[in-house]
Amino acid sequence: MAEEPTRSIDRSSYVPAYAQLAQILRAQIAAGRFRPGDRLPSESQLCRQYGVSPMTVRRAVNLLVDQGLVTAEQGRGTFVRPLDLETASFNLDNLQRLFRGREHASVRLLEARIVSATERIGRMLGIRPNERAVFIRRLILQEEKPIVLHREYLIYDPTRPIVEAELEVTALHGLFSGGSSSTLKRGELAIEATVLTDEEANLLESRAGAPAFRLEHIFYDLRDRPVSWGWFICPGDRLRFTTAVGIRGERISQV
């Protein structure tokens with residue numbers, strides 16, 4: 001077990017006493033002083049040990065509850081939460097760096113044409129089947145190497161500037177901004193495993209049947225109307241998911 005962090009409340013610090021106490025308890029949990037399922041010292045015990053008021057203890061505990069480190073059960077006490085994988089969230093680090101324009105990435109327009117909406121396209125974009133939609137196919141390159149294929153359907157409406165703006169996108173920072181004339185309000189993403197088709201493998205300079213990720217998206221405008229629906233195809237060796245669960249070991253900072 002790691003050495004238990006010990007620290008008293010610094011009355012001269014600009015950091016509030018409750019925040020200092022929460023930091024102390026957090027560090028003790030990280031060091032293994034309190035393990036998942038263990039009950040923290042009672043309110044009265046913490047008051048005596050650190051010379052603070054019950055209100056200070058309650059605010060410190062509430063802060064730990066908000067951080068997901070403990071649960072407070074009325075009449076029983078405060079308990080350290082076990083590792084909860086359901087709370088894990090994953091970062092698309094590679095794509096995030098690309099979309100922020102930090103990886104010398106560019107966009108190559110492969111195809112743009114008007115199509116009749118199928119039943120599925122209509123359902124996703126909120127239009128009737130056979131209404132006109134715009135289909136766009138792009139290749140995202142990093143230092144001239146193709147890494148992601150993007151297919152997208154947009155509602156065909158000359159009065160909505162996002163269509164023209166999307167056609168003109170040549171840099172990733174504008175891919176989801178609708179150019180300078182439109183603003184997206186929100187989006188939904190779904191990720192699933194797939195394999196590359198012959199066409200996809202050829203465009204991405206990979207091999208047919210290779211594992212890949214499919215990132216489906218739908219974006220909405222400020223009126224909550226669907227603007228675009230599409231998906232990215234990325235070979236599995238070019239996309240990485242990362243996350244951290246639990247609480248890391250840490251030292252108490254000087255406050």
Any side-chain heavy atom of Tyr153 sitting closer than 4.5 Å to one from Trp231? yes
query: Is there side-chain contact between Arg59 and Pro16, with heavy atoms separated by less than 4.5 Å?
result: no
side-chain contact (heavy atoms from CB on, under 4.5 Å) with [X]: which residues, sequence neighbours excluded?
{"X": "Glu205", "value": "Lys145, Pro146"}
{"X": "Pro54", "value": "Glu43, Cys47, Arg58"}
{"X": "Val65", "value": "Val61, Val70, Ala72"}

Tell me, please, which residues at least two apart from [X] pass salt bridge (Lys or Arg N to Asp or Glu O under 4.0 Å).
{"X": "Arg128", "answer": "Glu131"}
{"X": "Arg132", "answer": "none"}
{"X": "Glu192", "answer": "Arg214"}
{"X": "Arg137", "answer": "Glu111, Glu199"}

Excluding Tyr18, membership of its hydrophobic cluster (Ile, Leu, Val, Met, Phe, Trp, Tyr; side-chain heavy atoms within less than 4.5 Å) reads Leu63
Residues in side chain to side chain donor-acceptor pair (under 3.5 Å) with [X], at least two apart?
{"X": "Trp229", "result": "Glu216"}
{"X": "Ser42", "result": "Ser44, Gln45"}
{"X": "Thr56", "result": "Ser53"}
{"X": "Asp224", "result": "Lys185, Arg186"}

Minimal heavy-atom distance between Arg207 and Ala201, with the atoms involved, is C-CB, 3.4 Å
Looking only at heavy atoms, the pair that brings Ile155 and Leu125 closest together is CD1-O, 3.4 Å
